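Beneath this line is the structure, given in structure tokens, with notes to follow.
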Amino acid sequence: MATVPRQHITQRKIAEHVQRLGELYPPIPLDSVDRTIKRPGLVARKFGHVIDYLARVELEVDRNVLELLVLLPDVDEINKTFYADVWQPQEIQHGLILDRLQQDLGRTAAKPHLDVSFKIKILGALAHLKPIQDIAKFMYFLTGASTERQAVLAYNQINRGLQELDETAISETIITPIKQQEPGHFAFYQMSATAMIQDKVLRPWQMFLTRVLREKSYHLVGTNQMKQYKADMGGVMVDLGLDSDLEGYAREVGRVENRLLWAHRQGMEFPPYILKALKESVDLYRERLARGVKFA
Ligand SMILES: [Fe+2]
Ligand SMILES: [Fe+2]
């Protein structure tokens with residue numbers, strides 16, 4: 001059964017985690033990358049679209065920061081240090097490095113989507129009320145945990161594929177260093193969300209509203225609730241071989257929120273809306289393929 005861990009996660013523990021991440025993982029310098037590509041044509045064919053997608057999503061970190069400022073008008077010191085000193089500086093380098101790789105493979109530069117959506121602005125306007133702010137904060141942590149987990153899984157898969165192609169420079173000087181930084185982001189969101197539950201920050205009506213909002217607004221990393229990106233994400237899953245076990249993937253990606261938000265639903269392995277989002281993406285991609293277009 002899903003349970004909240006007994007070990008109490010204090011704000012101090014979270015602050016120490018953030019500090020450690022900053023010390024352990026400085027942003028990856030562009031010139032630390034070995035740009036050797038043995039078979040660029042083959043890499044582009046097998047993983048070009050995946051790299052395009054990852055580059056765009058990483059470069060969208062600047063919009064994520066804006067969203068955070070809209071959603072959490074009273075952002076506290078720990079969160080501020082995390083996004084300003086650790087997360088944004090690391091993610092933007094991931095984006096720049098992947099964007100250059102994409103161009104080394106002869107593909108066009110990423111076009112990150114940098115507008116904050118209307119939905120976020122509405123929630124942001126309401127978030128000036130403390131009870132809503134707490135809901136927004138909890139949802140922000142759940143989204144962070146889910147998206148960072150998706151990043152970890154995607155980088156693991158692409159790394160395996162690049163090693164099979166014997167593209168050691170890309171694997172060792174791009175994907176491996178990026179991949180090392182993602183689990184720390186995941187841990188930050190997981191700890192922060194768990195602490196809110198352990199400290200009983202949310203009343204039952206707030207938990208209820210969070211469930212409703214999650215069901216209505218859940219989306220996969222980088223899809224920005226847009227059909228074209230959802231189909232692209234379906235393509236990423238297919239290219240990485242993640243479509244063969246969507247339920248297993250839903251379990252991985254949804255573990256944190258299944259445990260924290262749906263603990264009362266005994267025996268449920270993942271929130272159903274996660275599997276629904278995965279299926280929708282893969283279906284949209286297959287429909288597009290059937291029309292003879294691989295990536296828009
Ligand atoms: Fe990243
Ligand atoms: Fe990350």
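Note that the structure is a prediction, hence the values are computed from the model and not measured. For reference, positions follow the sequence shown, starting with 1.
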Would you confirm whether [X], through its side chain, and [Y], through its main-chain N or O, come within 3.5 Å as a donor-acceptor pair?
| X | Y | value |
| --- | --- | --- |
| T173 | I170 | no |
| R63 | H113 | yes |
| S281 | L278 | no |
| Q102 | G48 | no |
| S32 | I28 | no |
| D99 | A110 | yes |
| T223 | M226 | no |
| E167 | R39 | yes |
| Q150 | S146 | yes |
| R211 | W262 | no |

Begin from the C-alpha positions of R288 and D232 and carry the test salt bridge (charged side-chain N to carboxylate O under 4.0 Å, His left out) through to its verdict. CA-CA 10 Å; R288 197 163 72 185; D232 286 348; 2.7 Å; yes
Please report the shortest heavy-atom distance between [X] and [Y], naming the atom on each side.
| X | Y | result |
| --- | --- | --- |
| V253 | R149 | CA-CG, 4.1 Å |
| Q103 | A109 | NE2-CB, 3.4 Å |
| E58 | L98 | CG-CD1, 4.2 Å |
| P26 | Q181 | O-NE2, 3.3 Å |
| P89 | P27 | O-CB, 3.6 Å |
| P73 | Q133 | CD-NE2, 3.2 Å |

Regarding [X] and [Y], does a basic nitrogen lie under 4.0 Å from an acidic carboxylate oxygen?
| X | Y | value |
| --- | --- | --- |
| K38 | D166 | yes |
| D283 | K276 | no |
| R12 | E16 | yes |
| R251 | E269 | yes |

With heavy-atom distances below 4.5 Å as the criterion, would you say the side chains of [X] and [Y] are in contact?
| X | Y | answer |
| --- | --- | --- |
| I178 | Q93 | no |
| V33 | R100 | yes |
| E148 | P183 | no |
| F138 | L260 | yes |
| V43 | P40 | no |
| K230 | H219 | no |

With L142 as reference, evaluate Q190, R214, M196 under the side-chain contact (heavy atoms from CB on, under 4.5 Å) test and give the passing residue.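 Testing L142 for a side-chain contact (heavy atoms from CB on, under 4.5 Å) against Q190, R214, M196 leaves exactly one candidate, R214.
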What is the distance from atom [atom1] of [X] to atom [atom2] of [Y], rounded to the nearest 0.5 Å?
| X | Y | atom1 | atom2 | result |
| --- | --- | --- | --- | --- |
| R45 | D239 | CZ | CG | 12.5 Å |
| I120 | N224 | CD1 | CG | 9.5 Å |
| R286 | K279 | CZ | NZ | 11.5 Å |
| L72 | Y140 | CG | OH | 6.5 Å |
| I14 | T81 | CD1 | OG1 | 12.0 Å |
| L59 | N64 | CG | CG | 11.0 Å |

Show your working on side-chain hydrogen bond (donor to acceptor under 3.5 Å, both in side chains) between N159 and K179 and close with a plain yes or no. CA-CA 9 Å; N159 209 28; K179 187 166 101 76; over 6 Å; no
What verdict does the salt bridge (charged side-chain N to carboxylate O under 4.0 Å, His left out) test give for R107 and D52, after you've listed the backbone C-alpha separation in whole Å, the side-chain angles of each residue and the deciding distance to 0.1 Å? CA-CA 8 Å; R107 310 178 67 84; D52 292 350; 2.9 Å; yes
Please work out whether the ring planes of H94 and H185 are parallel, tilted or perpendicular, with thresholds of 30° and 60°.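 Judged by the thresholds at 30° and 60°, the geometry between H94 and H185 is parallel.
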Aromatic plane relationship, F141 with Y189 - under 30° parallel, 30 to 60° tilted, over 60° perpendicular: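 Taking F141 first and then Y189, their aromatic rings sit tilted (interplane angle of 30° to 60°).
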Linking I/L/V/M/F/W/Y whenever any side-chain heavy atoms sit under 4.5 Å apart, do [X] and [Y] land together?
| X | Y | result |
| --- | --- | --- |
| Y229 | M237 | no |
| L242 | M233 | yes |
| V152 | L54 | no |
| V116 | V221 | yes |
| L114 | I92 | no |

Start with the C-alpha distance between Y83 and V61, add both sets of side-chain angles, then the distance that settles side-chain contact (heavy atoms from CB on, under 4.5 Å), and finish with yes or no. CA-CA 10 Å; Y83 83 73; V61 65; over 6 Å; no
By side chain to side chain contact (heavy atoms under 4.5 Å, CB included) - contacts of Q206 (at least two apart):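 Side chain to side chain contact (heavy atoms under 4.5 Å, CB included) check on Q206 returns P131, D134, I135, L202, R203.
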Test log, rule side-chain contact (heavy atoms from CB on, under 4.5 Å), inputs E67 and K121: CA-CA 8 Å; E67 286 174 346; K121 285 182 187 157; over 6 Å; no
Checking S171 against R160 for the side-chain contact (heavy atoms from CB on, under 4.5 Å) test, could you report, in this order, the C-alpha distance in whole Å, the side-chain angles of both residues, the deciding distance, and whether it holds? CA-CA 8 Å; S171 166; R160 210 166 293 153; over 6 Å; no
All side chain to side chain donor-acceptor pair (under 3.5 Å) counterparts of R56, not counting sequence neighbours: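 Expected list: E60.
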For E257 and Y273: C-alpha separation, side-chain torsions, deciding distance, then whether side-chain hydrogen bond (donor to acceptor under 3.5 Å, both in side chains) applies. CA-CA 11 Å; E257 70 187 86; Y273 49 83; 2.5 Å; yes
Audit row: I274, Y249, side-chain contact (heavy atoms from CB on, under 4.5 Å) steps and yes/no: CA-CA 9 Å; I274 296 185; Y249 189 73; over 6 Å; no
Name all pairs fulfilling the salt bridge (Lys or Arg N to Asp or Glu O under 4.0 Å) condition that reach into residues 70-90, sequence neighbours left out, sorted by first residue then second.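 Passing the test, one end in residues 70-90: D76-K137, E77-K80.
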